[in-house]
Trainee: 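Right, I'll just put the structure down here and ask away after.
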Amino acid sequence: MNELLKIKEDALSQIEACPDLKVLNDLRVHFLGKKGPIQEAMKSMKTMAPEERAAFGQVSNEVKQAITAAIDEAKVKLEAAAINQKLAEEVIDITLPSFHVHEGTKHPLTMIEEEMEELFLGMGYQIAEGPEVELDHFNFELLNLPKDHPARDMQDTFYIDENTVMRTHTSPVQARTLLSAKGKGPIKIICPGKTYRKDDDDATHSHQFTQCEGLVIDENITMADLKGTLQVFADKIFGEGREIRFRPSFFPFTEPSVEVDISCFSCGGKGCSICKQTGWIEILGAGMVNPKVLDMCGFDSKKYQGFAFGIGLERVAMLKYGIDDIRHFYSSDLRFLNQFNRKDS
Ligand code: FA5
């Protein structure tokens with residue numbers, strides 16, 4: 001019994017003097033563990049008389065409980081002390097000058113894209129998406145460009161394999177949207193997105209660029225609807241008072257097809273260096289959806305007609321912001337990008 005009480009006294013004084021949680025844990029293992037002094041003392045119970053054994057057992061339990069309680073209490077104190085010490089060490093000096101955090105700006109292409117989305121959503125369009133790694137079937141064949149069609153040369157293509165390409169334009173989304181509508185109009189979508197062509201990079205060409213496709217399908221849609229829509233687009237993006245004109249062109253997926261020019265926003269049509277003295281700037285390709293495309297994509301071309309257009313967004317941004325080289329968009333040069341702070345535009 002005396003031995004037990006001595007163990008208790010020894011344990012309690014060591015626990016009280018314990019400097020940190022690690023030592024406290026070592027004390028717990030030592031005093032309460034299987035090879036500890038209490039267990040050792042309890043071995044003598046084997047030789048005790050039953051009443052003595054019961055009394056000894058009771059005292060040893062009390063000693064264990066007292067040590068456990070002292071350890072728990074010390075643990076709470078030491079934990080609090082450790083937190084306080086950590087907080088004291090980590091005091092924040094609020095007088096230190098802060099790091100300057102540079103505020104990002106939106107990329108000019110993102111700004112144009114968002115402006116267009118806002119405009120067309122306001123006119124009841126929906127935004128469609130399609131894959132950038134596209135099947136030849138959607139990029140060409142369903143757009144009336146069968147294999148070996150000479151018009152395929154109009155777009156120099158990155159082939160992944162015989163049947164898979166990096167999409168050369170956003171027009172495959174037309175085919176995908178028509179097919180998923182299962183022959184039932186109306187459809188009004190735009191699709192902004194990345195496009196790829198094996199063009200050599202220069203001031204006006206990039207091997208990766210951005211287009212925004214537009215597609216409207218319904219009964220009784222005419223070229224006048226296309227012209228009215230593009231007039232609204234020109235007014236909104238380039239400012240009121242822009243005139244637009246259609247020039248005959250060719251795309252296999254539209255018939256008739258047009259190139260669309262807007263009157264020069266810089267000289268108002270008189271002629272300047274931006275419009276190469278013509279008074280007009282070409283901004284997009286468009287046309288009435290070729291009935292063959294409608295038929296191939298499950299629409300009754302006798303009942304439905306529609307128009308489509310494809311705008312090069314770098315071209316629009318270059319004109320709108322007076323950017324002279326398309327490569328600026330992809331250089332990640334902060335001196336260029338920081339000029340486009342949305343708050344000022
Ligand atoms: C097309 O891509 C047609 N899919 C557009 C279309 C859609 C016509 C729907 C009719 C109906 P085009 O190859 O002309 O057309 O390209 C459209 C625009 O993409 C061009 O006016 C130009 O602004 C831009 N573009 C084409 N190639 C490049 C290039 N390498 N770098 C930057 N912009 C380019």
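Every number for a ligand or one of its atoms is a count from 1 in the order of the listing.
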Trainee: Within 45° of the six-membered ring axis of F140 and under 6.0 Å from that ring's centre, is NZ or CZ of K147 located there?
Mentor: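 No, cation not above the ring by the 6.0 Å, 45° rule.
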
Trainee: In terms of atom number and element, which parts of ligand 1 are under 4.0 angstrom from non-hydrogen atoms of Q211?
Mentor: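 Those qualifying, in numeric order: 1 (C), 2 (O), 16 (O), 17 (C), 18 (C), 19 (O).
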
Trainee: Classify the contact between A286 and ligand 1 as side chain, backbone, both or neither, using a heavy-atom distance cut-off of under 4.0 Å.
Mentor: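 Looking at A286 and ligand 1, just backbone atoms fall under 4.0 Å.
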
Trainee: Considering only non-hydrogen protein atoms, determine which one is nearest to atom 5 (C) of ligand 1 and report residue, atom name and distance to 0.1 Å.
Mentor: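 Checked against all protein heavy atoms, atom 5 (C) of ligand 1 sits closest to G310 CA, 3.8 Å.
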
Trainee: Tell me whether E89 at atom CD has more than 12 heavy atoms from other residues, nucleotides or ligands lying less than 6.0 Å away.
Mentor: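 Correct, the count exceeds 12.
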
Trainee: Applying side chain to side chain donor-acceptor pair (under 3.5 Å) to E219 and Q305, what does each step give before you reach the verdict?
Mentor: CA-CA 6 Å; E219 297 173 35; Q305 320 76 43; over 6 Å; no

Trainee: Under 4.0 Å, heavy atoms only, figure out whether ligand 1 is touched by the backbone of F253, its side chain, both or neither.
Mentor: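 The answer is the side chain of F253.
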
Trainee: Could you tell me whether I326 approaches ligand 1 through its side chain, its backbone, both or neither, with non-hydrogen atoms closer than 4.0 Å?
Mentor: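 Side chain only; the backbone of I326 stays clear of ligand 1.
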
Trainee: If hydrophobic clusters are built by linking Ile, Leu, Val, Met, Phe, Trp and Tyr wherever their side-chain heavy atoms come under 4.5 Å apart, do L337 and I326 end up in the same one?
Mentor: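 They do share one cluster, since a chain of ILVMFWY contacts under 4.5 Å joins L337 to I326.
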
Trainee: Treating Ile, Leu, Val, Met, Phe, Trp and Tyr as nodes and any side-chain heavy-atom pair under 4.5 angstrom as an edge, say whether F31 and V59 lie in one connected cluster.
Mentor: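 Linked, F31 and V59 end up in one cluster.
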
Trainee: Among all protein non-hydrogen atoms, which one is nearest to atom 25 (N) of ligand 1, and what is the separation to 0.1 Å?
Mentor: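 Of the protein heavy atoms, F209 CE1, 3.3 Å lies nearest.
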
Trainee: To the nearest 0.1 Å, how far is atom 30 (N) of ligand 1 from its closest protein heavy atom, and which atom is that?
Mentor: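 Its nearest protein heavy-atom neighbour is D199 OD2, 2.6 Å.
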
Trainee: Ignoring angles and geometry beyond distance, decide whether E213 reaches within less than 3.5 Å of ligand 1 through its nitrogen or oxygen atoms.
Mentor: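 E213 vs ligand 1: no N/O contact under 3.5 Å.
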
Trainee: May I ask you to identify, for H205, whether its side chain, its backbone, both or neither come under 4.0 Å of ligand 1 on a heavy-atom basis?
Mentor: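 Looking at H205 and ligand 1, atoms from backbone and side chain both fall under 4.0 Å.
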
Trainee: Using the ring centroid of each side chain, check whether F246 and F309 are separated by less than 6.0 Å.
Mentor: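 Judged by ring-centre distance (under 6.0 Å), F246 and F309 do not meet the cut-off.
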
Trainee: Below a 4.0 angstrom heavy-atom separation, can you tell me which part of H207, side chain or backbone, both or neither, approaches ligand 1?
Mentor: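 Neither part.
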
Trainee: Any Lys/Arg nitrogen of E114 or K106 sitting under 4.0 Å from an Asp/Glu carboxylate oxygen of the other?
Mentor: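 Yes, E114 and K106 are salt-bridged.
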
Trainee: Look up atom CG in D235 and atom CZ in R242, then write down how far apart they are to the nearest 0.5 Å.
Mentor: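 Going from the CG atom of D235 to the CZ atom of R242 covers 8.5 Å.
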
Trainee: Numbering the atoms of ligand 1 from 1, which are under 4.0 Å from a heavy atom of R315?
Mentor: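 What qualifies from ligand 1 is 23 (O).
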
Trainee: Does the side chain of H328 come under 3.5 Å of the side chain of D325 through a donor N or O and an acceptor N or O?
Mentor: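 No pair is found: no donor N or O on one side chain lies under 3.5 Å from an acceptor on the other.
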
Trainee: I'd like to check which ligand 1 atoms, numbered from 1 as shown, lie under 4.0 Å from a non-hydrogen atom of A308.
Mentor: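 With A308 as reference, the close atoms of ligand 1 come out as 9 (C), 11 (C).
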
Trainee: Which protein heavy atom lies closest to atom 21 (O) of ligand 1, and at what distance to 0.1 Å?
Mentor: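 Scanning the protein heavy atoms, the shortest distance from atom 21 (O) of ligand 1 goes to E282 OE2, 4.0 Å.
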
Trainee: Which residue and non-hydrogen atom of the protein lie closest to atom 15 (O) of ligand 1, and at what distance in Å?
Mentor: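 Sorting protein heavy atoms by distance from atom 15 (O) of ligand 1 puts F251 CE2, 3.4 Å first.
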
Trainee: According to a hydrophobic-cluster definition based on side-chain heavy atoms being under 4.5 Å apart (Ile, Leu, Val, Met, Phe, Trp, Tyr only), do F138 and V293 belong together?
Mentor: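 Different clusters.
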
Trainee: Note the single closest protein heavy atom to atom 31 (N) of ligand 1, along with its residue, its atom name and the distance in Å.
Mentor: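 In this structure, atom 31 (N) of ligand 1 has S206 N, 3.0 Å as its nearest protein heavy atom.
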
Trainee: Which atoms of ligand 1 sit under 4.0 Å from any heavy atom of G285?
Mentor: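 That gives atoms 6 (C), 8 (C), 10 (C) of ligand 1.
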
Trainee: Can I237 and K320 be said to form a side-chain contact (heavy atoms from CB on, under 4.5 Å), step by step?
Mentor: CA-CA 8 Å; I237 302 292; K320 178 159 175 159; 4.1 Å; yes

Trainee: Counting from 1, what ligand 1 atoms have a heavy atom of T254 closer than 4.0 Å?
Mentor: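 Selected atoms, number and element: 10 (C), 11 (C).
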
Trainee: Has N290 got a side-chain atom pairing as donor or acceptor with N144's backbone, closer than 3.5 angstrom?
Mentor: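 A pair under 3.5 Å: no.
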
Trainee: From atom 11 (C) of ligand 1, is the closest protein heavy-atom distance below 4.0 Å?
Mentor: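 Under 4.0 Å from atom 11 (C) of ligand 1, at least one protein heavy atom found.
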
Trainee: Number the atoms of ligand 1 from 1 as they appear, then name those within less than 4.0 Å of a heavy atom of Q174, with their elements.
Mentor: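 The atoms of ligand 1 under 4.0 Å from a heavy atom of Q174 are 9 (C).
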
Trainee: Yes or no on ring pair (Phe, Tyr, Trp, His ring centres under 6.0 Å) for H169 and Y196, after CA distance, side-chain angles and deciding distance?
Mentor: CA-CA 7 Å; H169 50 177; Y196 304 82; over 10 Å; no

Trainee: Taking both backbone and side-chain atoms of S171, is any N or O found less than 3.5 Å from an N or O belonging to ligand 1?
Mentor: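 By distance alone, the answer is yes.
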
Trainee: Which of the numbered atoms in ligand 1 are below 4.0 angstrom from a heavy atom of G312?
Mentor: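 In order of numbering, the contacting atoms are 18 (C), 19 (O), 23 (O), 24 (C).
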
Trainee: Going by the closest heavy atom to atom 13 (O) of ligand 1, which one wins out of M288, R197, E314?
Mentor: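 Result: the heavy atom closest to atom 13 (O) of ligand 1 is in R197.
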
